[in-house]
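These notes concern the structure reproduced below.
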Amino acid sequence: MLLIPCPWCGPREEAEFHYGGQAHVAYPENPAALSDEEWARYLFFRDNPKGVFAERWSHSAGCRRWFNALRDTATNEIHAVYRVGEPRPVTS
Amino acid sequence: MTPRPPGAHLPEHPDRLWSAAEPKAAYDVVIVGGGGHGLATAYYLAKNHGITNVAVVERGWLAGGNMARNTTIIRSNYLWDESAGIYEHALKLWEGLEEELGYPLLFSQRGVLNLAHSLQDVRDSVRRVEANRLNGVDAEWLDAAQVKEVCPIVNVSPDVRYPVLGATFQPRAGIAKHDHVAWGYARAAAALGVEFIENCEVTGLRVSGGRVTGVDTTRGAIAAGRVALCAAGHTSVVAATAGIDLPLQSHPLQALVSELLEPVHPTVVMSNAVHVYVSQAHKGELVMGAGIDAANSYRQRGAFHIIERQMAAALELFPVFARAHVLRTWGGVVDVSPDASPIIGLTPVDGLYINCGWGTGGFKATPGVGWCFAHTVAHDDPHPLAAPFSLDRFVTGALVDEHGAAAVAH
């Protein structure tokens, strides 16, 4: 089980959280202008790296706030957590 | 009469069935991934299409990934026509596979029950039974008392949190011994000239002028006329080296077995709502699978709370399991697609073919996908049963949405 450091509450067990997938996926500014390929890309395609991944978590059984994390999907190590609206931290 | 010890009817472990090859400079076809799908594809390429200058390149050992980690359930009771087509084709091949491969697979058609726990479950299940029948797939709707007749150890008492209101039953479904399936395909493919290169990880796809020309591996470059990906959870990683993005997310999927027990469980029981599926292996272990871990990961292990929830569900359905001990838990990495259906077919790179997105349910399809994917590779054109599962369905919108509808514990 992951130990996830909520930026509001500190480290808590994974079971308290809800996963939200890839972070920083913005809703298209003008959806009606998108081609089918662009819409498919927005709707269905997400990064799936074996390595550092910027992802969303919600501390659903705690403060109930969404936040972002940088986690290595090859090791599950969490490099950083940051609040919504903050830029993605630079990690080595 | 003295009872036979568990496993006494199983065959002895065989001698080595194929020789580990050194990579040659070039092959007509390189298959990336030596799991069930890769081995079956190699076999049907040689058997059905006469393409024998084939190498299966595997980063570990043959059938050591998800082929060694699945819960061996075989069924074809999917809702949609497209799914019924390929899964039922697979099931028909399973029914003749021991003879075809000349190898014991311990294929046991003991049926599968997909339990319904709510009125909506019941409606969806009855609909699926009718859809299955229209597609020539055997299916029945059973009420709770009939469920108890098929599997006496299921708790059908109405006073539990998720009472069993009934189930769909596919009598031709069952289980097989996953290792034997891999060995059977490998042996038969080796006899036709296919080579297996183990401990050889593909680190990159070589593309020139929009056409694949080979693979880079940890044992050097290998030229190939065509490359077929059967890399399951690592498909995104391999495809990215050719600049191809796929709508896949890799997740851990966990399963576990109990200690060896006397035969108590005569069939396969799946419950989508409470997320557990259970059968009893020939040797006597109860084999139970869970749902995926929510977070993406390439780690072949998952979180304990998933196992805990799965056990809670299993105990409510099967109170008799309360004293059984867990022997072993494990995880594999599965590639999940947006519509819970596989992606099979051509790619934007000429000569490069993908077979991925099987998520939690690829084992049952092994013979069918091997058959259809080999055809796709051999003819550079999707097999009719594979055609609906093309990559471009995410652009056209022609999804094959099997989330929940298939009674799949995704």
Does anything in residues 17-41 of chain A reach chain B? List residues with heavy atoms under 4.5 Å apart, or say none. Tyr19(A), Asp36(A), Glu37(A), Ala40(A), Arg41(A)
Between Arg71(A) and Asn296(B), is there a donor-acceptor pair closer than 3.5 Å when you use the side chain of the first and the backbone of the second? yes
Check whether Phe304(B) gets within reach of chain A through its side chain, its backbone, both or neither, counting any heavy atom under 4.5 Å. backbone
Is it the backbone or the side chain of Leu399(B) that comes under 4.5 Å from a heavy atom of chain A, or both, or neither? side chain
More than 12 heavy atoms of other residues, nucleotides or ligands under 6.0 Å from CZ of Arg309(B): is that the case? no
Can you list the residues that meet the side chain to side chain donor-acceptor pair (under 3.5 Å) rule with Ser236(B), with sequence neighbours excluded? Asn48(A)
Against chain B, label Ala15(A) side chain, backbone, both or neither, depending on which of its atoms sit under 4.5 Å from a heavy atom there. both
My understanding is that only residues two or more places apart in sequence, or in another chain, count here; which of them pass side chain to side chain donor-acceptor pair (under 3.5 Å) with Asn70(B)? none
Heavy atoms under 4.5 Å from chain A: which residues of residues 238-251 of chain B carry them? Asp245(B), Leu246(B), Pro247(B), Leu248(B), Gln249(B), Ser250(B)
Which atoms of Asp47(A) come close to chain B, meaning under 4.5 Å heavy atom to heavy atom: side chain ones, backbone ones, both, or neither? backbone
Rounded to the nearest 0.5 Å, the CZ atom of Arg301(B) sits from the CE atom of Met1(A) at a distance of 12.0 Å
In terms of heavy-atom proximity below 4.5 Å to chain B, should Phe53(A) be classed as side chain, backbone, both, or neither? side chain
For each of Gly302(B), Ala295(B), Pro338(B), tally heavy-atom pairs with chain A at distances under 4.5 Å, and name the one with the top tally. Ala295(B)
